[in-house]
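All values below come from the heavy atoms of this structure, side chains included, with hydrogens, waters and symmetry mates left out. So you know, we letter chains A, B, ... as the sequences are listed, proteins then strands, and number each from 1.
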2 protein chains.
Amino acid sequence: MSYHHGNLAPALVAAGFTLARQGGTASVTVREAARRVGVSAPAAYRHFEDRDAFVAQVARCCRQELARTMMTARDRHRSPKRRFRATGRAYIEFAFDEPGLLECAFTPHQAHAWNAIAGATEECAADDPDAARVLIDVLDELHAAGVISTAQRPGAELVAWASVHGLAMLLAGTDRVAAAPAIERVLDGVEAALFG
Amino acid sequence: MSYHHGNLAPALVAAGFTLARQGGTASVTVREAARRVGVSAPAAYRHFEDRDAFVAQVARCCRQELARTMMTARDRHRSPKRRFRATGRAYIEFAFDEPGLLECAFTPHQAHAWNAIAGATEECAADDPDAARVLIDVLDELHAAGVISTAQRPGAELVAWASVHGLAMLLAGTDRVAAAPAIERVLDGVEAALFG
DNA sequence: CAGAACATGTTTACGATGTCAACATGTCGT
DNA sequence: ACGACATGTTGACATCGTAAACATGTTCTG
């Protein structure tokens, strides 16, 4: 209604999220996002340094969506081992359900993924779910329950994340049912590596 | 010298390879490759369906380069276990030495990676080294040596590849020496998963 | 050996994108 | 009320992918 949109940035990011969902990072374009929000393209540049900065925000959304998916899958179980496995499986399922989102989630600066694991926990509030946080939490549960030994605990995030993330990348675009055994095989491998 | 270049396609791919090395997939552009070869942009379209097809070829080169790196690292050792570990480590090292090439190697259609593992071995000749082939071979050595049990052998490619590929993705752009322990940790995890 | 079919390059051109500069229009503090 | 500031708009430019239409060698046939 008004000349000024009110909160353009979130609206643009939301539009970008939809674009990512449909066509992956490549189709996350400033112009198209602006178009969908009903605003001129340069307007976006009042809120984002450049396209990379915009995509980074969209990617953040994608990661949050992934985290939410993992959390709901995890919370369907009680035992730490089942919760762990459900978390990992959810990650891979996400690769099939939302290939565009997953691709976008980690393509921009892969450093995000690592940083998320390395130590960054302070940058995400309660309303900013983080996939790495979910993983770390469930690993802590396993540790607390004595399933993972104290000796094995350090670096467990990496082992789990690398396997699952790598598998998700490899399986992107393949047949879902054909991949099912592969998924279980890798999850078995992760468990064997961490406790087993 | 002549109006006709002679073998444009390979020249363009070589140029694309250099571009990938410097700036990753994003900077692999048909126009720039043509420019560097000293030819007009549309000329490239006599040899490649579209940009994706071109990038796919460049990616193939990148994968071959990776395979060569893995092979030379592997061949520095005799024992199957050491050869296996050297292969994996080389993959990760490649992520640090040639981030652009690694990104390009698997971004276009991740299906390549999976297909490479799934069954594709016939499409690569002796002069067309394949990273998946290298991995499979060294796993076969481990199996033959009795290090990997027959029960564990099936799907071992996936476990190894997913972990290492995922780790390489996660570590892209991080500090090399800081990441060293993480690398060993994940490699330990892979070994624990496959034989341990 | 001439010339036609073919492969391979070239020039031109169009539409889409990222992004800058200049201008317009609201909002808000004094 | 008025002027600073934030936020949008229009217009323009460079780069890209890529389609015609045209030019130039190469090669095969009569």
Side-chain angles (χ1 to χ4, degrees), chain A residues 1-62 100-101 103-104 107-109 112, chain B residues 1-62 100-101 103-104 107-109 112:
Chain A
M1 70 177 193
S2 60
Y3 188 89
H4 289 65
H5 181 283
N7 56 348
L8 227 199
L12 287 171
V13 172
F17 181 82
T18 300
L19 290 171
R21 165 170 270 149
Q22 290 166 353
T25 311
S27 55
V28 176
T29 168
V30 172
R31 286 188 114 110
E32 181 61 23
R35 207 172 291 139
R36 297 198 173 195
V37 170
V39 94
S40 72
Y45 287 82
R46 296 285 179 188
H47 304 272
F48 304 99
E49 179 75 19
D50 52 17
R51 186 200 176 227
D52 281 356
F54 176 56
V55 173
Q57 287 304 312
V58 175
R60 182 188 210 75
C61 270
C62 295
L101 297 186
E103 185 229 344
C104 183
T107 27
H109 302 296
H112 278 282
Chain B
M1 67 178 194
S2 59
Y3 189 90
H4 289 65
H5 182 283
N7 56 348
L8 226 200
L12 286 171
V13 172
F17 182 82
T18 300
L19 290 171
R21 166 170 270 149
Q22 290 166 354
T25 310
S27 54
V28 176
T29 167
V30 172
R31 287 189 112 110
E32 181 60 23
R35 208 172 291 139
R36 297 198 174 195
V37 170
V39 94
S40 74
Y45 287 82
R46 296 286 179 187
H47 304 270
F48 303 99
E49 180 75 19
D50 52 17
R51 186 201 177 226
D52 281 355
F54 175 57
V55 173
Q57 287 305 313
V58 174
R60 182 188 209 75
C61 270
C62 296
L101 296 186
E103 186 229 343
C104 183
T107 29
H109 302 297
H112 277 280

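Going from atom CG of A:Leu19 over to atom P of C:dA16 covers 16 Å, rounded to whole Å. Between B:Arg36 atom CZ and D:dC16 atom P the separation is 11 Å, expressed in whole Å. Nucleotide D:dT15 holds its P atom 16 Å from the CZ atom of A:Arg31, rounded to whole Å. To the nearest angstrom, P of C:dT8 lies 11 Å from CG of B:Asn7. Summarising the geometry, the separation between CD on B:Glu32 and C1' on D:dG17 is reported as 14 Å, rounded to the nearest angstrom. Atom NE2 of A:His5 is separated from atom C1' of C:dT25 by 16 Å (rounded to the nearest Å). Rounded to whole angstrom, the span from the CG atom of A:Asp52 across to the P atom of C:dT17 amounts to 17 Å. Nucleotide C:dG9 holds its C1' atom 17 Å from the CZ atom of B:Arg35, rounded to whole Å.
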Verify side-chain contact (heavy atoms from CB on, under 4.5 Å) between A:Leu19 and A:Glu32, making sure each step is shown before the conclusion. CA-CA 9 Å; A:Leu19 290 171; A:Glu32 181 61 23; 3.7 Å; yes
Would you sort out whether B:Leu12 and B:Phe48 count as a side-chain contact (heavy atoms from CB on, under 4.5 Å), showing the intermediate values? CA-CA 10 Å; B:Leu12 286 171; B:Phe48 303 99; 3.8 Å; yes
Any chance you could lay out the side-chain contact (heavy atoms from CB on, under 4.5 Å) test for A:Phe54 and A:Val13, step after step, and finish with the verdict? CA-CA 7 Å; A:Phe54 176 56; A:Val13 172; 4.3 Å; yes
Report the C-alpha distance between A:Arg36 and A:Thr18 in whole Å, list the side-chain angles of each, state the deciding distance to 0.1 Å, and finish with yes or no for side-chain contact (heavy atoms from CB on, under 4.5 Å). CA-CA 10 Å; A:Arg36 297 198 173 195; A:Thr18 300; 3.9 Å; yes
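Nearest heavy-atom pair across B:Ala33 and B:Gly16 is CB-N, 4.4 Å.
Within the structure, a side-chain polar atom (N or O) of A:Thr29 is placed less than 4.0 Å from OP1 or OP2 of C:dG18. For C:dG18, one of the phosphate oxygens OP1 or OP2 lies less than 4.0 angstrom from a side-chain nitrogen or oxygen of A:Arg51.
A heavy-atom distance below 4.0 Å to DNA chain C is reached by these residues of residues 38-49 of chain B, ordered by number: B:Val39, B:Ser40, B:Pro42, B:Ala43, B:Arg46, B:His47.
Residues passing the salt bridge (Lys or Arg N to Asp or Glu O under 4.0 Å) test with B:Arg31, sequence neighbours excluded: none.
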